[in-house]
Amino acid sequence: MAEEHKKGLNAELIGDDLERCCRGGDACGPCQGNQCTIGFAKQCIQEYKKAPKKEVPGGADNIPTMDFKVFDETELETAIAHILKECKDCKEDHTEDCIINVIRNCYEVGLLGDIHPYEGSSLQYLMYLKTHFAEKAGRIADIYTSL
């Protein structure tokens, strides 16, 4: 049986971030649901709200990495900072299908174009981003430290 997050997850905050990231019908046309990175993440958080479980079965494998929509960078950077604050820094206990990891991966596809490695530590991840995406990493880190 899937376990709940030890400290819980602020599903309302994450849901609000996802709504702000979503381009909506006017800009995007009919919702593509799980074929859209944000739509997929929204479905994950809706399921979490119904039954809070730590993992999304098959979540990492089902992220629509070929979704090439252009999203608002500021909203995605803020959302990544928020999801990093939700991370439990589980390090060696990190799993790819953790709901926090899956949602962060969805944001990455929208902001950075692909999924990037995560080793269960927000600080290590921010250092990785700084090496590969210095400007965006700086903005994410600024938001992260202000929370």
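Keep in mind that what you see is a predicted model, and the values were worked out from it rather than measured. Note: hydrogens, waters and symmetry copies are ignored here, and every other heavy atom, side chains too, is used.
With rounding to the nearest 0.5 angstrom, the CD atom of Q43 is 10.0 Å from the SG atom of C106. Rounding to the nearest 0.5 Å gives a distance of 10.0 Å between CD of E77 and CG of D142. Expressed to the nearest 0.5 Å, how far CD1 of I103 lies from CD of E108 amounts to 12.5 Å. Rounding to the nearest 0.5 Å places CD1 of I99 at 6.0 Å from CG of L9. Rounding to the nearest 0.5 Å places OG of S121 at 5.0 Å from NZ of K91. Of the inter-residue distances, the one linking L84 atom CG with I140 atom CD1 reads 7.5 Å to the nearest 0.5 angstrom.
With contacts defined as side-chain heavy-atom distances shorter than 4.5 Å, the pair Y107/I38 qualifies.
Contact between K85 and L147 at its shortest, heavy atoms only, is CG-CD1, 3.6 Å. P64 and Q35 make their closest contact through CB-O, 3.4 Å (heavy atoms, listed as atom of the first residue, atom of the second, distance). In terms of heavy atoms, A79 sits closest to C21 at CB-SG, 4.1 Å. The shortest non-hydrogen separation linking P117 to Y125 is O-CD1, 3.7 Å. The two residues C44 and V56 make their nearest non-hydrogen contact at SG-CG1, 3.9 Å.
Heavy atoms of other residues, nucleotides or ligands lying less than 6.0 angstrom from CD of E119 number 12 at most. Atom NZ of K130 is surrounded by 12 or fewer heavy atoms from other residues, nucleotides or ligands within 6.0 Å.
Taking hydrophobic clusters as Ile, Leu, Val, Met, Phe, Trp and Tyr residues chained together by side-chain heavy-atom distances below 4.5 Å, L112 does not share a cluster with I143. Residues I115 and F40 share a hydrophobic cluster, clusters being chains of Ile/Leu/Val/Met/Phe/Trp/Tyr side chains in contact below 4.5 Å.
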- Task: Quick one: do E73 and K136 satisfy salt bridge (Lys or Arg N to Asp or Glu O under 4.0 Å)? Show the steps, please.
- Result: CA-CA 9 Å; E73 285 191 12; K136 291 175 183 169; 3.7 Å; yes
- Message: Run D17 and R20 through salt bridge (Lys or Arg N to Asp or Glu O under 4.0 Å) and show every step you take.
- Response: CA-CA 5 Å; D17 283 344; R20 282 189 294 278; 2.6 Å; yes
- Message: Could you walk me through whether I14 and I83 satisfy the side chain to side chain contact (heavy atoms under 4.5 Å, CB included) test, starting with their C-alpha distance in whole Å, then the side-chain angles of each, then the deciding distance to 0.1 Å, before giving a yes or no?
- Response: CA-CA 7 Å; I14 303 308; I83 202 78; 3.5 Å; yes
- Message: I'd like to know whether F71 forms a side chain to side chain contact (heavy atoms under 4.5 Å, CB included) with C22, so could you lay out the CA-CA distance, the side-chain angles of the two residues, the decisive distance to 0.1 Å, and finally the verdict.
- Response: CA-CA 8 Å; F71 295 97; C22 182; over 6 Å; no
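The closest donor-acceptor contact from the side chain of D67 to the backbone of T37 lies under 3.5 Å. For D97 (side chain) and A60 (main-chain N/O), a donor-acceptor pair under 3.5 Å exists by modelled atom type. R23 places a side-chain N or O within donor-acceptor distance of the main-chain N or O of V70, the cut-off being under 3.5 Å.
Each of L129, L76, T74, D72 was checked for a side chain to side chain contact (heavy atoms under 4.5 Å, CB included) with L111, and the lone residue meeting it is L76. None of L18, V102, D16 except one satisfies the side chain to side chain contact (heavy atoms under 4.5 Å, CB included) rule with I45; the exception is L18.
Residues E86 and R104 are not paired through a salt bridge, judged by the lack of any N-O separation under 4.0 Å between the basic side chain and the carboxylate.
Taking the six-membered ring for Trp, H116 and F133 have ring centres closer than 6.0 Å.
With a 6.0 Å cutoff to the six-membered ring centre and a 45° limit on the axis angle, K53 does not count as a cation-pi contact of Y48.
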